[in-house]
Q: 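I'd like to ask you about the structure that follows.
Everything numeric here is computed off the predicted structure, so don't read it as measured data.
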Amino acid sequence: MSSNVVYAVVKAGGRQEKVSVGDIVVVDRLKVTEGESVELTALLLVDGEKVTTDAEKLAKVKVTAEVVRDEKGPKITILRYKNKTGYRRRQGHRQQLTRLKVTGIK
């Protein structure tokens, strides 16, 4: 691993993602249009050998991402069944997602 690697751990859509510049991340749906810029909150920053976890310093860090497109996740099937009663219920679900491309970590 080279010493000039810069990446951040950001909170996006209720999950934590490890991102660097140029990465594409899929998060839960955001209320933004395609092509807009979004700022993500950083929880950890690694700049070569230097690791930043201090909340005051991380408040100054800006991780920006551009919205590529909105999409849907894979379809899942939910089945409910109770034996001997004739109760069957089938339901489907597709999670609403947003694809982001990280454009900068400053």
Q: Write down the atom of A65, the atom of L40, and the distance for their closest heavy-atom approach.
A: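 Closest approach of A65 to L40, heavy atoms only: CB-CD1, 4.4 Å.
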
Q: Is there a continuous path of hydrophobic side-chain contacts, each under 4.5 Å between heavy atoms, that joins V10 to V32?
A: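 They do share one cluster, since a chain of ILVMFWY contacts under 4.5 Å joins V10 to V32.
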
Q: State which residues pass side-chain contact (heavy atoms from CB on, under 4.5 Å) with I24; sequence neighbours excluded, sorted by chain then number.
A: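 Listed in chain order: R99, K101.
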
Q: If hydrophobic residues (ILVMFWY) are linked whenever their side-chain heavy atoms come closer than 4.5 Å, directly or via other members, who joins Y81 in its cluster?
A: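 Same cluster as Y81: nobody, lone residue.
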
Q: According to a hydrophobic-cluster definition based on side-chain heavy atoms being under 4.5 Å apart (Ile, Leu, Val, Met, Phe, Trp, Tyr only), do V102 and V26 belong together?
A: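 Not linked; separate clusters.
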
Q: Any donor-acceptor pair under 3.5 Å linking the side-chain atoms of T64 with those of S37?
A: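 Short answer, no.
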
Q: Indicate the atoms forming the closest heavy-atom contact of V68 with E34, along with that distance.
A: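 Residues V68 and E34, closest heavy atoms: O-CG, 3.0 Å.
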
Q: Using side-chain contact (heavy atoms from CB on, under 4.5 Å) as the criterion, list what pairs up with L44, not counting sequence neighbours.
A: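 With neighbours one apart ignored, the set is V9, V46, V51, T53.
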
Q: Which value, rounded to the nearest 0.5 Å, describes the distance between E71 atom CD and R94 atom CZ?
A: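 The distance works out to 9.5 Å.
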
Q: Salt bridge (Lys or Arg N to Asp or Glu O under 4.0 Å) with R29: which residues, sequence neighbours excluded?
A: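 For R29, the residues satisfying salt bridge (Lys or Arg N to Asp or Glu O under 4.0 Å) (neighbours in sequence not counted) are D70.
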
Q: Can you name the nearest heavy-atom pair linking V19 to I105, along with the distance?
A: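 Of all heavy-atom pairs spanning V19 and I105, the closest is O-CD1, 3.9 Å.
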
Q: State, with a plain yes or no, whether a side-chain heavy atom of L79 is found less than 4.5 Å away from one of R89.
A: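 SC-SC contact between L79 and R89 ruled out.
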
Q: Does any part of the side chain of Q96, heavy atoms only, come nearer than 4.5 Å to the side chain of K72, both counted from C-beta?
A: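 In short, these two side chains touch, coming nearer than 4.5 Å.
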
Q: Quick one: list whatever passes side-chain contact (heavy atoms from CB on, under 4.5 Å) with I76, sequence neighbours left out.
A: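 Expected list: H93.
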
Q: Determine whether more than 12 heavy atoms belonging to other residues, nucleotides or ligands lie under 6.0 Å from atom CZ of R88.
A: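 Atom CZ in R88 is not crowded, with 12 or fewer foreign heavy atoms closer than 6.0 Å.
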
Q: Which heavy atom in A42 sits nearest to a heavy atom in V61, and how many Å separate them?
A: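 For A42 versus V61, the nearest heavy atoms are CB-CG1, 4.1 Å.
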
Q: Write out all pairs satisfying salt bridge (charged side-chain N to carboxylate O under 4.0 Å, His left out) with one or both partners inside residues 35-44, taking only residues at least two apart or from two chains.
A: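 Qualifying pairs: none.
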
Q: Does V63 share a hydrophobic cluster with V38, counting links as ILVMFWY side-chain heavy atoms below 4.5 Å and allowing steps through other members?
A: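 Yes.
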
Q: Starting at CZ of R69, measure out to CG of L100 and round the result to the nearest 0.5 Å.
A: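 Separation between the atoms: 11.5 Å.
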
Q: For L30, is there any backbone N or O sitting under 3.5 Å from a side-chain donor or acceptor partner on T98?
A: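 Yes.
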
Q: Applying salt bridge (charged side-chain N to carboxylate O under 4.0 Å, His left out), run through D23 and K18 and close with a yes or a no.
A: CA-CA 9 Å; D23 286 353; K18 177 184 171 185; over 6 Å; no

Q: About how many Å separate NZ of K60 and OG1 of T52, when rounded to the nearest 0.5 Å?
A: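 T52 OG1 to K60 NZ: 11.0 Å, rounded to 0.5 Å.
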
